[in-house]
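Quick note on labels: first sequence line is chain A, next is B, and so on, each numbered from 1.
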Number of protein chains: 4
Amino acid sequence: MAELTRREREKAQHRRLILEAAEAVFAEKGYHAATMHEIAERAEFSVGSLYNFFENKTDLYRELINMRAEEFTAGVAESLEREPDVPGKLRAAIRAKLEFFRTHQEFFLLFARLHSGEEFEGPVALPEKTRRLYVEGIRRLAAVMAEGIRRGVIVDRDPTTLVLCMDGVTNSAIAHWMHGGDSAEGVVAPEVIEEVLFHGILSGGK
Amino acid sequence: MAELTRREREKAQHRRLILEAAEAVFAEKGYHAATMHEIAERAEFSVGSLYNFFENKTDLYRELINMRAEEFTAGVAESLEREPDVPGKLRAAIRAKLEFFRTHQEFFLLFARLHSGEEFEGPVALPEKTRRLYVEGIRRLAAVMAEGIRRGVIVDRDPTTLVLCMDGVTNSAIAHWMHGGDSAEGVVAPEVIEEVLFHGILSGGK
Amino acid sequence: MAELTRREREKAQHRRLILEAAEAVFAEKGYHAATMHEIAERAEFSVGSLYNFFENKTDLYRELINMRAEEFTAGVAESLEREPDVPGKLRAAIRAKLEFFRTHQEFFLLFARLHSGEEFEGPVALPEKTRRLYVEGIRRLAAVMAEGIRRGVIVDRDPTTLVLCMDGVTNSAIAHWMHGGDSAEGVVAPEVIEEVLFHGILSGGK
Amino acid sequence: MAELTRREREKAQHRRLILEAAEAVFAEKGYHAATMHEIAERAEFSVGSLYNFFENKTDLYRELINMRAEEFTAGVAESLEREPDVPGKLRAAIRAKLEFFRTHQEFFLLFARLHSGEEFEGPVALPEKTRRLYVEGIRRLAAVMAEGIRRGVIVDRDPTTLVLCMDGVTNSAIAHWMHGGDSAEGVVAPEVIEEVLFHGILSGGK
DNA sequence: TATGAATGAGGGTTCATTCAT
DNA sequence: TATGAATGAACCCTCATTCAT
């Protein structure tokens, strides 16, 4: 039984190694241009081994997306709970997102593609699980917005729309420092993002 | 000479038909999953004909992107000039963008992919021309922001960052009504976008 | 009728222009790699025009080969008749061949390919006409050899074999100055060829 | 380890099978008209398998040429060493060549095409390795000629030219029994070739 | 007669997937 | 379980040939 456990640990470890290699390759090349051979090579396994862990290329891709999506969602959810008031929750959500993608830059490319529609449907459709995660994440934030509206600290607009705005601003910021890579001052400070999101870009006597 | 002109007109027309078919297929499938065969079929031409107009698949893709990018940039630039003051210019830019992508929904998918990094570099790199257009567009808006800052109507933050925020918000909105397609009330109203962007999501006495 | 004649002259002229362009392209690229488009371009005609003069690519190729083969055969035959004795005839034949290929270098490449078997059979088979020309040329020279043998000036060996030897030596010489192109002294002098062919490479008291 | 060796042996064997099939098809059709599909079929492998052994069609072709060129060169070199005196060396070289091409008839077609310039340059250029082999082969024979000249047994002419003559005569002979295929007496006897090369075609008191 | 856009079969090449070892 | 050679469908692209003008 100890033996079985060691085996299981090894198996899980191998699976993880493959997923990491896959993330790097998918992020660099995109789903279609990535090849199973290259993933296998980077993971230092044979092609055949990939098929011992994942049914096929699409399955590997989905598992990868789902894994990260779960991590991401969990991170945001946790940060929401840590903060008591609405503005604090939103600030925390923004920082959690920025933080997550700073450590998982490669994943942002995949993530953004999902948003932009590629492979959102079609042969490489996401599993229902991931889709639910995504929708649920939006909903959770919308609930926060709704609460803010009730409490009078958030403008009385459709909560989902407000979440979208927040999402859009953060996505743009991440995308900017991803390619732009103006290492110096190009990085959009979270504070500015929050300020703009909270108070708008018009100055003065609002 | 009339004959020559007729031939030329036809050729230009055929080119346009192919570009339209290509836009549909590329948008639906993404660059890699799109096949020349399918584009040809949708355009009601033979595969070989595509190659009478475009050097290869990549070239076709680039020409398409570039064409729409030019249309888009021109539209935004024009709308900027029509408005006298800074808030008016920004509002006009937002509406121009929303309007453009409402009539070119298919293109938004391609456009968003560029933003999200896919095929932004690599074998399907954009032509320098398109890249310049994009950068120039950002710069033009940043100039408007800078002017606003000078005049005290825009908060004193890095103008490019402000532009990114604006871009992000609009992208999200477009993306939302593209897939979400909650035809009814799901469409994010331009007014809300502008309001959020201008005054932020916090209500009351800021 | 004068008009018709002018037309005919023009037609013949156009045909010749196409054949010349074809010779250049076929020689440079070989039969398969040559394209009708390139031939048309070099001839300054449209592709369609080529098909007004020749049935298809193969036909164009054959007509070209045949034309030059006739010129060549005629040249050699004439030079044979001009000389009275056997050694003179052979010398004249060698010089005629060298001379012909000096002015039709491009054709040598095609000619050599025929010898080496490519497109000698298969889909691009030579027309019977050309094949006959070739065989007849060999036979004519063999007859000269035979006469020489009868007269005791040529060694008593199979005449065709002797012709082949002669052919081989000249071919090698031409091939050498074609690619080797050692413009300086690399050119094999006709005298040396004749000397070797007539007296062999062994020196002294044979 | 035994297992590994078995796999390696099999792989080498498969490679050889493919090369043999390729030789047959290339010889029959020429480089351009040969198709990977047909080679695969004749080798009883799938198309994809060819690409597990060779980068592409050109690579396969080159490897093939190079392999035989090495065999040929080695055979001639060895036969040169076996003989002590110059005429013996030359005779041995001639026989080695005839012998080689008798067992590798198919290769002669490829070999001759190289001589006749096709694909000697251009997209299907030979690898430097093969080219060096060829030049070196000529040089080795030229050295033998030079030695003969020094010793007074060979006529005092440019050694390279003498080698070319020798080459030309043998090529013609081989080409003759290849297509001509007069199975009976058409085969040019090596003795006649040697005799003509050594003593020339003129009879009598030289 | 000359033109050149349109055609589409066919070739080279890639790559996800399988399976014997 | 791990391997990697073998497979073959499917892709991009070429080019001889046709035909309306």
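- When the P atom of F/dA2 is taken as reference, atom CZ of A/R15 falls 13 Å away, rounded to whole Å.
- The number of heavy-atom neighbours closer than 6.0 Å to CD of A/E55, taken from other residues, nucleotides and ligands shown, is 12 or below.
- Backbone-only contact: B/A34 has heavy atoms under 4.0 Å from sugar-phosphate atoms and none from a base.
- Summarising the geometry, the separation between CD on B/E41 and P on F/dA10 is reported as 14 Å, rounded to the nearest angstrom.
- Pairing for E/dG11 goes to F/dC12, judged as Watson-Crick or G-U wobble with the two contacts each under 3.5 Å.
- For C/N52, counting side-chain heavy atoms from C-beta on, the closest listed nucleotide (F/dA5, F/dT7, E/dT3) is E/dT3.
- When rounded to the nearest whole Å, the span between CG of A/L50 and P of E/dC19 equals 17 Å.
- Between D/E8 and D/K11 no salt bridge is recorded (no basic side-chain N to carboxylate O distance below 4.0 Å).
- Looking at the side chain of B/N56, the nearest of the listed nucleotides F/dA5, F/dT3, F/dC13 is F/dC13.
- Rounded to an integer number of Å, the gap from D/L17 CG to F/dA6 P is 10 Å.
- Position along DNA chain F of the nearest nucleotide to B/K57 versus D/E10 favours D/E10 as the more 5'-ward residue.
- Taking atom CZ of B/R9 as the reference point, atom C1' of E/dA5 lies 16 Å away to the nearest angstrom.
- Counting any heavy atom pair closer than 4.0 Å across all strands shown, C/S49 reaches a base atom.
- Contact record, A/K29 with A/A34: CB-N, 3.8 Å, taken as the closest heavy-atom pair.
- Nucleotide F/dC12 holds its P atom 11 Å from the NZ atom of B/K29, rounded to whole Å.
- Nearest-nucleotide assignment on DNA chain E puts the 5′-proximal partner with B/H14, out of B/H14 and A/Y51.
- Both C/E55 and A/K11 lie close to DNA chain F; mapped to their nearest nucleotides by heavy-atom distance, the more 5′-ward contact belongs to A/K11.
- Using a 4.0 Å heavy-atom criterion, one finds that B/F53 contacts the sugar-phosphate atoms exclusively.
- Across all strands shown, E/dA20 forms a Watson-Crick or G-U wobble pair, both distances under 3.5 Å, with F/dT3.
- Seen from the ring of D/Y31, D/K57 counts as a face-on cation partner, given the 6.0 Å and 45° thresholds.
- At whole-Å resolution of the value, NE2 in C/H32 and C1' in F/dT14 are 14 Å apart.
- Residues B/S46 and D/M36 each lie close to DNA chain E; by heavy-atom proximity, the contact nearer the 5' end of the strand is made by B/S46.
- Comment: B/E20 does not engage B/R16 in a salt bridge, judged by the lack of any side-chain N to carboxylate O separation of less than 4.0 angstrom.
- Put simply, CZ on B/R7 is 7 Å from P on E/dG4, counting in whole angstrom units.
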